[in-house]
Visitor: 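Please see the structure below; I have some questions.
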Amino acid sequence: MSLNYARYGKDNIRLYKVDKDEKSGIQSVVEMTVCILLEGDIDTSYTAADNSVVVATDTQKQTCYILAKQNPITPPELFASIVGTHFVETYKHIHAAHVKIIQHRWTRMTIDGKPHPHSFFRDGEEIRVVESVTRENQGIFLRSKIEKLLVLKSTGSAFYGFHRDEYTQLPETWDRILSTEVEAGWKWKTFSSLAEVKFVVPKFDEAWNAAREITLKTFATDSSASVQNTMYKMCEQILAAVPLVEAVDYSLPNKHYFEIDLSWHKGLKNTGKDATVFAPQSNPNGLIQCTVTRKGPKAKL
Ligand SMILES: O=c1[nH]c(=O)c2[nH]c(=O)[nH]c2[nH]1
């Protein structure tokens with residue numbers, strides 16, 4: 001027998017950091033959930049009860065807090081790189097660190113038309129995610145994501161011309177409701193070191209803003225022929241907007257809203273052009289995914 005896969009660490013490390021500007025009295029907060037998984041010469045901890053190679057998961061959690069105190073924790077791409085680099089550089093026998101960060105929303109309140117100095121609210125379940133791998137002698141691999149961004153358009157979406165055969169029941173439609181929970185990811189070029197990540201720090205927020213704006217604008221304004229085509233247009237624009245990104249991916253559930261025929265009740269008209277009351281469906285849902293990369297030698301690999 002041989003140990004085929006071994007990673008261990010701490011998941012669901014909840015972290016909150018406040019920045020207090022003494023002069024203005026303005027405070028800013030960040031809340032995140034961190035997962036750390038380490039890889040390296042740790043097989044004997046599994047196979048021979050050798051705990052000497054184990055950097056305890058509690059130590060990993062404490063390290064996360066200490067690094068959060070000593071460093072900026074935003075953008076999350078930077079903090080993930082700081083944490084990953086720490087473990088790979090501090091422990092000779094640890095060769096890779098997988099650090100995932102989920103950043104939760106705390107949006108500043110506007111009270112009497114003014115931004116409040118220290119009060120925030122959760123304006124939706126949308127999260128900003130970073131998946132990082134810091135690998136000894138190989139560099140830092142980063143993938144940023146938007147998740148759980150729920151959107152709906154009440155018109156401006158069609159779906160017709162699809163393949164038909166004896167299994168097909170779905171009618172064509174030139175006007176439907178389109179709703180999805182956006183999961184969008186973008187993979188960065190490999191960074192050779194933490195210094196290289198630090199060098200491009202403003203790019204991470206810029207990319208997140210661009211990806212979010214492109215997603216929302218394209219969703220709203222595209223006269224959608226299908227989820228497939230609309231998401232491809234989003235990918236193209238993000239690749240054009242962020243040169244350091246090598247690949248963009250989307251995973252979009254198609255959250256269906258069914259028409260309800262109410263003609264049985266006094267001839268009520270509620271189908272086709274007259275449809276106003278719909279039945280939102282929980283399941284099943286379509287699920288449409290794609291990854292788009294740049295043309296060139298890399299794509300041929
Ligand atoms: O945009 C869509 N893509 C599909 O592949 C599909 N399939 C389906 O039943 N409805 C839709 N809508």
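Indexing begins at 1, ligand by ligand and atom by atom, following the structure's order. Computed from heavy atoms alone, side chains included, the values below leave out hydrogens, waters and symmetry copies.
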Visitor: Just to verify, which of Thr215, Thr291, Ile288 counts as forming a side-chain contact (heavy atoms from CB on, under 4.5 Å) with Tyr250?
Guide: Thr215
Visitor: Closest approach of Lys153 and Asp222, non-hydrogen atoms and distance?
Guide: NZ-O, 2.8 Å
Visitor: Any Lys/Arg nitrogen of Lys189 or Glu196 sitting under 4.0 Å from an Asp/Glu carboxylate oxygen of the other?
Guide: yes
Visitor: Number the atoms of ligand 1 from 1 as they appear, then name those within less than 4.0 Å of a heavy atom of Leu170, with their elements.
Guide: 8 (C), 9 (O)
Visitor: What is the closest protein heavy atom to atom 8 (C) of ligand 1, and at what distance does it sit?
Guide: Phe159 CE2, 3.6 Å
Visitor: Below 4.0 angstrom from a heavy atom of Gln228, which ligand 1 atoms are there? Numbered from 1 as shown, please.
Guide: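 Ligand 1 atoms under the 4.0 Å threshold to Gln228: 1 (O), 2 (C), 3 (N), 4 (C), 5 (O).
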Visitor: Please determine, by modelled atom types, if Asp21 and Ser24 share a side-chain donor-acceptor pair under 3.5 angstrom.
Guide: yes
Visitor: Checking side chain to side chain contact (heavy atoms under 4.5 Å, CB included) for the pair Thr63/Phe87: CA distance, chi angles, key distance, verdict?
Guide: CA-CA 9 Å; Thr63 304; Phe87 286 106; 3.8 Å; yes
Visitor: Under 4.0 Å from any heavy atom of Val227, which atoms of ligand 1 are there?
Guide: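 So the answer, numbered in order with elements, is 1 (O), 2 (C).
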Visitor: As an exercise, identify every atom of ligand 1 less than 4.0 angstrom from a heavy atom of Asn254.
Guide: 2 (C), 11 (C), 12 (N)
Visitor: Quick one: does ligand 1 sit under 4.0 Å from the side chain of Arg176, the backbone, both or neither, non-hydrogen atoms only?
Guide: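 It is the side chain that touches ligand 1; the backbone stays farther off.
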Visitor: For ligand 1, which atoms, with element, lie under 4.0 Å from some heavy atom of Ser226?
Guide: 1 (O)
Visitor: Judged by atom type as modelled, is there a donor-acceptor pair below 3.5 Å linking the side chain of Ser45 to the main-chain atoms of Asn51?
Guide: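 Side chain of Ser45 to backbone of Asn51, a donor-acceptor pair under 3.5 Å: no, none is there.
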